[in-house]
Engineer: 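Sharing a structure with you now.
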Amino acid sequence: MAETSATTETGEPASRPRKSSWKYIGPGIVVAATGVGAGDLVATLIAGSKFGYTLMWAAVIGCVVKISLAEAAGRWHLATGRTLFDGWRSIGTWTTVYFAIYVVVWGFIYGATAMSSSALPIVALFPDGPGLKFWAIVTGLIGLAFVWFNRYAVFEKVMTVLIGIMFVVVVYVAVRVVPDVGASFAGLVPALPDGSLLYTLGLIGGVGGTITMAAYGYWVNAKGWSNSSWMKVMRLDNRVAYITTGIFVVAMLIVGAELLHASQIALTSGDRGLIDLGKVLEDRFGTGTAKLFLIGFFATSFSSLIGVWHGVSLMFADFVERFRAPVAPDEEHAGPAVVDRQQRSLPFRAYLLWLTFPPMTLLWLDEPFGLVIAYGVLGAFFMPFLALTLLWLLNSSRTPREWRNGWLSNGMLALAGLLFIVLCVQQVRELPW
């Protein structure tokens, strides 16, 4: 429904709904680049290497689930003029307690993981240069400086370049291995080979699904989209983001199926599996293709690093601001001015420092056992927490009636919540208790 009154409920000047247009696309590209990390690509490769094209259908369903989840986060920001954390606070204080513990523990371990992941392809490209720890620290400091001194507009442009590199490299490698088109289409028919259940759930729920999905609404506001007139634009932006993610997943499944499944080549679990793939590509296609893949590996890892450095720091700044002095939605509308102020705030910069410097100690130390357990439990709980709280918020009076969930949104969020609960239980079971 178009806004026709002089002002919106949030006090902003009313404006007609914007037409969805490719020229507006941006936040979705950022969330796609951030959400797909090196670990996601390895998980997809391993699924392809074990089951060939059989789980292609799971990648497609996963893409649809992520579109629904990110759309819900963006719709909350635009329809209500409130941030996601503001919505969480309205549910109860338990959400504040969970988020406070989660964001501190998660940031400490993720910082070391992101820096190491970004350093791995650099070490592989320059084997005679400095070692992993040196490059990990350098990438962390570059990410810190970049986010500290740049605003959203520059950040988005750089992320667009990085996702462009990722896209070109991954699709090029998939084409180079010559996919079996018939088997690809056959893989769209749902099937569960023996031992494939967890890989299937991982493809549907794991790839591109992290805390950065919650940051999507903040990036929407940073772009200048601050009321419901931008709803169509946001939905197009979000679909482009997760269709792009879906193409990544399909391309890596093809590589796993064609390059690894037929040859029964096993990869190392974790980010180092991509180094193994680089060696396989070098043996099959030569040094040039292997180096190009490592550049794509770096773009994948480093885009996740700076995406988290920016997006989660923004969420933390909003968390601190709302915790100190809750703001009524009619007093301050979430928008670019608010985001710009938060990017210059002490909490934003303090969390940037937290992501960068304390995690460097883990580059020399084994991760403490208790911290690994806490990280695993808190992290596993986040995606069901996000899906189910969005389901709650978008069916309540907190959301204007015209923007509340319909049957399709409710069905997809309920499916996402159930899926992530199953994954949560499995991840907790697999922790080194």
Engineer: Any chance you could measure Leu386, atom CG, to Phe420, atom CZ, to the nearest 0.5 Å?
Structural biologist: 8.0 Å
Engineer: Is there a donor-acceptor pair under 3.5 Å between the side chain of Ser116 and the backbone N or O of Thr113?
Structural biologist: no
Engineer: Would the Phe382 and Trp106 ring centres measure less than 6.0 Å apart?
Structural biologist: no
Engineer: Less than 4.5 Å apart, any side-chain heavy atom of Asp237 and any of Tyr24?
Structural biologist: no
Engineer: From the options Gln342, Arg322, Glu321, select the one residue that forms a side chain to side chain contact (heavy atoms under 4.5 Å, CB included) with Thr83.
Structural biologist: Arg322
Engineer: Counting only N and O atoms by type, is there a donor-acceptor contact under 3.5 Å from the side chain of Ser303 to the main-chain atoms of Leu162?
Structural biologist: no
Engineer: Does a side-chain heavy-atom distance below 4.5 Å link Val65 with Tyr242?
Structural biologist: no
Engineer: Quick one: CG on Leu277 to CE on Met252, what's the gap to the nearest 0.5 Å?
Structural biologist: 6.0 Å
Engineer: For Arg349, look at atom CZ and say whether over 12 heavy atoms of other residues, nucleotides or ligands are found less than 6.0 Å away.
Structural biologist: yes
Engineer: Report the relative orientation of the aromatic rings in Trp88 and Phe99; use parallel for angles under 30°, tilted for 30 to 60°, perpendicular for over 60°.
Structural biologist: tilted
Engineer: Is there a salt bridge (Lys or Arg N to Asp or Glu O under 4.0 Å) between Asp340 and Arg344? Walk through the geometry before answering.
Structural biologist: CA-CA 7 Å; Asp340 187 62; Arg344 291 181 278 107; 3.1 Å; yes
Engineer: Thr361 side chain to Pro358 main-chain N or O, any donor-acceptor pair under 3.5 Å?
Structural biologist: yes
Engineer: Test side-chain contact (heavy atoms from CB on, under 4.5 Å) on Phe348 and Gln343 and set out the steps.
Structural biologist: CA-CA 6 Å; Phe348 180 89; Gln343 286 179 112; 4.2 Å; yes
Engineer: For the backbone of Ser118 and the side chain of Trp135, can you confirm whether one donor and one acceptor N or O come within less than 3.5 Å of each other?
Structural biologist: no
Engineer: Is the shortest heavy-atom distance from the side chain of Trp354 to the side chain of Val104 under 4.5 Å?
Structural biologist: yes
Engineer: State which residues pass salt bridge (charged side-chain N to carboxylate O under 4.0 Å, His left out) with Arg176; sequence neighbours excluded, sorted by chain then number.
Structural biologist: none
Engineer: Within a strict 4.5 Å, meaning less than it, do heavy atoms of the Val338 and Asn221 side chains meet?
Structural biologist: no
Engineer: Can you confirm whether Thr80 sits close enough to Leu393 that some side-chain heavy atom of one is under 4.5 Å from a side-chain heavy atom of the other?
Structural biologist: no
Engineer: Please list, chain by chain and in numerical order, all residues satisfying salt bridge (charged side-chain N to carboxylate O under 4.0 Å, His left out) with Glu156, sequence neighbours excluded.
Structural biologist: Lys223
Engineer: Just by distance, do the side chain of Asn150 and the backbone of Phe146 share a donor-acceptor pair under 3.5 Å?
Structural biologist: yes
Engineer: Measuring from Leu55:CG to Thr200:OG1, what's the distance to the nearest 0.5 Å?
Structural biologist: 4.0 Å
Engineer: Does Thr34 use its side chain to pair, donor to acceptor, with the backbone of Thr212 at less than 3.5 Å?
Structural biologist: no
Engineer: With a 4.5 Å heavy-atom cut-off, do Val320 and Phe85 have their side chains touching?
Structural biologist: no
Engineer: For Tyr102 and Tyr98, take the angle between the two ring planes, folded into 0 to 90°, and tell me which bin it lands in: parallel under 30, tilted 30 to 60, perpendicular over 60.
Structural biologist: parallel
Engineer: Starting at CE of Met115, measure out to OG1 of Thr139 and round the result to the nearest 0.5 Å.
Structural biologist: 7.0 Å
Engineer: Do Val177 and Phe285 have side-chain heavy atoms sitting under 4.5 Å apart?
Structural biologist: yes
Engineer: Are any non-hydrogen side-chain atoms of Glu258 and Val178 less than 4.5 angstrom apart?
Structural biologist: no
Engineer: Is the centre of the His77 ring less than 6.0 Å from the centre of the Tyr218 ring?
Structural biologist: yes
Engineer: Can any side-chain N or O of Ser304 pair as donor or acceptor with the backbone N or O of Thr300 at less than 3.5 Å?
Structural biologist: yes
